[in-house]
Amino acid sequence: MIWIAIRMLTGDAQKFYGLVFGIAFSTLLITQQLTIFVNLLERGASGVYNVSSADVWVMDPVSRTTDVSYALPSTALDKVRGVPGVEWAVPHIRAQASVRTKSGDLEGVAVIGVDDATLIGLPKNMIEGSPDVLSQPDSVIIDDVGMTRMFPGQSPIGERLELNDQRAVIRGIADATPSFTSTVVLYTKYSQALNYVPGTRNRLSFVLVGAEDPSQAKALSEKIERETGLKAQTRDEFARDGVDFIIENTGIPLNFGITVALGFIVGVAIVGLTFSLFIRDNIKQFGALKAIGVTNGKIRKMVAAQAALVGFVGYGLGVLGTLAFIWSFSANPTFKGFYIPWQIPIISLVAVTLILALTGWLALRNVLKTEPAAVFR
Amino acid sequence: MSQAPAICTRGVTRDFTAGQQTITVLHGIDLDIRAGELTYLVGESGSGKTTMISIMCGILWPTEGEVKVFGTDIYELSDTELVEFRLNNIGFIFQQYNLIPAIDAASNAAVPLIAQGMDRHEARERAVEMMAKLNIADQADKLPNQLSGGQQQRVAIARALVHEPRLVVCDEPTAALDASSGRRVMDLLREVAVAEDRACIIVTHDNRVFDLADRILVLEDGKIIHDGTEMPEEH
Ligand SMILES: Nc1ncnc2c1ncn2[C@@H]1O[C@H](COP(=O)(O)OP(=O)(O)O)[C@@H](O)[C@H]1O
Ligand SMILES: [Mg+2]
């Protein structure tokens, strides 16, 4: 009977494709939107993860994320260095600046000043040049997203910039995860950054700390807080802070939530209507089967098999569509490093199952209600 | 040798409620239908023929009375048991055929066997054999919409007989046919459906084929007013 059910469904090509399309569309919308959402959220933590060697970030108590920080007095560095368990502590500066490009455009950039001696604070990998280029005068390293934004289709190496009216020369390209806003990032030495960033008294944004025992980072951060009165977050805590900041301060979760809900509702609408039409077109055949002697239990299995087939094909196409989408945008730096967390296909599978269970149940009710005696009418 | 009747109804009544009104369509019908005979159920439109045949084949509950089919009190069975009973004992020929458009003629004819759980290919082979008896074996691979109306009806007949049911029921098989095809269908049913241990009831008001019946029951206003081998004079 399952075979008959499948043939009934695939024999009606229009409705079969309609159903598959509905499920594929929902799957695509839900999977793709959730993927973008999660990846965008994780961009809130990119500033933390780009500095992979810091176990603990120390900051002013009011600072919230890598990009929302209040400056520390320069004495903070020595205080942190004095805490037992701290293997090393280096200064880190993050500031906004304006750059005048050769074509005369003004672009907002992030200037990140890394420790002069150790260069801690740079991303781990370089796309072009080596970190040592920072020892040359006026050197900056641009991140790859910034490169494609400011110098599309050309090499930025050797380009001169006016950075807050100071001379800067690009001498390297860093392999960094873009920030939430995909702002252009220029890395330079801490001492050089002080020149680029207009002079207030305090300009130290963070103190980056390496722990003697990295597995005790949490305990160390608490100790630093107790002994210095500053705020200290482990890498994971601070990454989480960046994500939370986006959740709390942007309409992004709501917007994506609405789109995902729409994907679900449109799926229910398309699949529900088509499924009901399909059942209605075949109601006489179902009635005949019931009279001949097919139990309601077997009818249920038939409709379940039809729903399962639609779900299998539609879901597969939807996930493939999402992969194609991500793949086709992978060259775009805004989507750099995008991946599909394994939970997301499972969530869309649950959504698809819900859609089919709901619509299948609605359609099935009509069949179950049909009196076998109706076949003689 | 006198057998127990194939179908035995006692005091069967059936009411329908339409809005405020309740109409009684059947008034206490007692009937014995014998196997090995072609029985016609005849009457004016609205006299209750379809209602009666539906009750006798286990797809419509009587308001009162009992129905025994081959000794089984079918409305005492549970819902599922009744469905199984129909599957194993009754062949249906529907007026609109109700073939499944997406599967070929032989698979349509094989549906009762498939529903019984027989392997699809084996069931189809059996169906083709049955179609051969109905002279449409050459149409086995065609989809229903590639067949003429007459051929579709034969497929429907093959489906009713393929599992060798002990009771075959058929509502107005000739209503949509011209005189000669109507007669051919009735001849065919006589030939293939009637058997020693099988009862066959056909509802019709087609007076062109009355001579083919072994027994004719006339229903009027929900009562049997005639029971004989031929139609009463006044018709
Ligand atoms: N499901 C139903 N609901 C209400 N009235 C019905 C129903 N089925 C049949 N009837 C009524 O019962 C009477 C007999 O119908 P039916 O058995 O179909 O007669 P026949 O087959 O002899 O034409 C008709 O008056 C019809 O309107
Ligand atoms: Mg009728």
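Heavy-atom basis, side chains included; hydrogens, waters and symmetry copies ignored. Throughout, a chain's letter reflects where its sequence line sits, starting with A, and its residues are numbered from 1. Nothing here was measured: the structure is a model prediction, and the numbers come from that model.
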Query raised in the report: Under a 4.5 Å heavy-atom cut-off, does chain B meet the side chain of Lys298(A), its backbone, both or neither?
Result: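 The side chain, not the backbone.
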Requested in this report: Please flag which part of Leu289(A) lies under 4.5 Å from any non-hydrogen atom of chain B: side chain, backbone, both or neither.
Outcome: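 For Leu289(A), the contact with chain B is made by the side chain alone.
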Requested in this report: Indicate whether the side chain of Thr177(A) and that of Ser46(A) have a donor and an acceptor atom separated by less than 3.5 Å.
Outcome: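 There is no such pair between these side chains.
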Requested in this report: Compare every heavy atom of Ala6(B) with every heavy atom of Ala199(B), then report the nearest pair and how far apart it is.
Outcome: CB-CB, 3.7 Å
Where does [X] contact chain A at under 4.5 Å (heavy atoms): side chain, backbone, both or neither?
{"X": "Ile93(B)", "value": "backbone"}
{"X": "Gln116(B)", "value": "neither"}
{"X": "Leu82(B)", "value": "neither"}

Query raised in the report: Should Lys49(B) and Asp171(B) count as an ion pair when the cut-off is N to O under 4.0 Å?
Result: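 Between Asp171(B) and Lys49(B) there is no salt bridge, as every charged N stays at least 4.0 Å from the carboxylate O atoms.
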Query - Winner by heavy-atom pair count (cut-off under 4.5 Å) against chain A, out of Leu60(B), Asn88(B), Ile114(B), Val203(B) - result: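 Of Leu60(B), Asn88(B), Ile114(B), Val203(B), Ile114(B) has the most heavy-atom pairs under 4.5 Å with chain A.
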Query raised in the report: Which of the residues Glu172(B), His163(B), Arg120(B), Arg159(B) is involved in the greatest number of heavy-atom pairs with chain A at under 4.5 angstrom?
Result: Arg120(B)
Query raised in the report: So among Thr10(A), Thr274(A), Asp281(A), which one has a side chain to side chain donor-acceptor pair (under 3.5 Å) with Lys15(A)?
Result: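 When Thr10(A), Thr274(A), Asp281(A) are each tested with Lys15(A), the side chain to side chain donor-acceptor pair (under 3.5 Å) holds only for Asp281(A).
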Requested in this report: Please say whether more than 12 non-hydrogen atoms of neighbouring residues, nucleotides or ligands are located less than 6.0 Å from CG in Asn207(B).
Outcome: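 Counting neighbours around CG of Asn207(B), more than 12 heavy atoms of other residues, nucleotides or ligands fall under 6.0 Å, so yes.
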Query - Gap separating the CD1 atom of Ile7(B) from the OG1 atom of Thr72(B), nearest 0.5 angstrom - result: 12.0 Å
Query raised in the report: chain B: which of Gly297(A), Ala373(A), Ala291(A), Pro372(A) shares the most heavy-atom pairs with it under 4.5 Å?
Result: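 Heavy-atom pair counts peak at Ala291(A).
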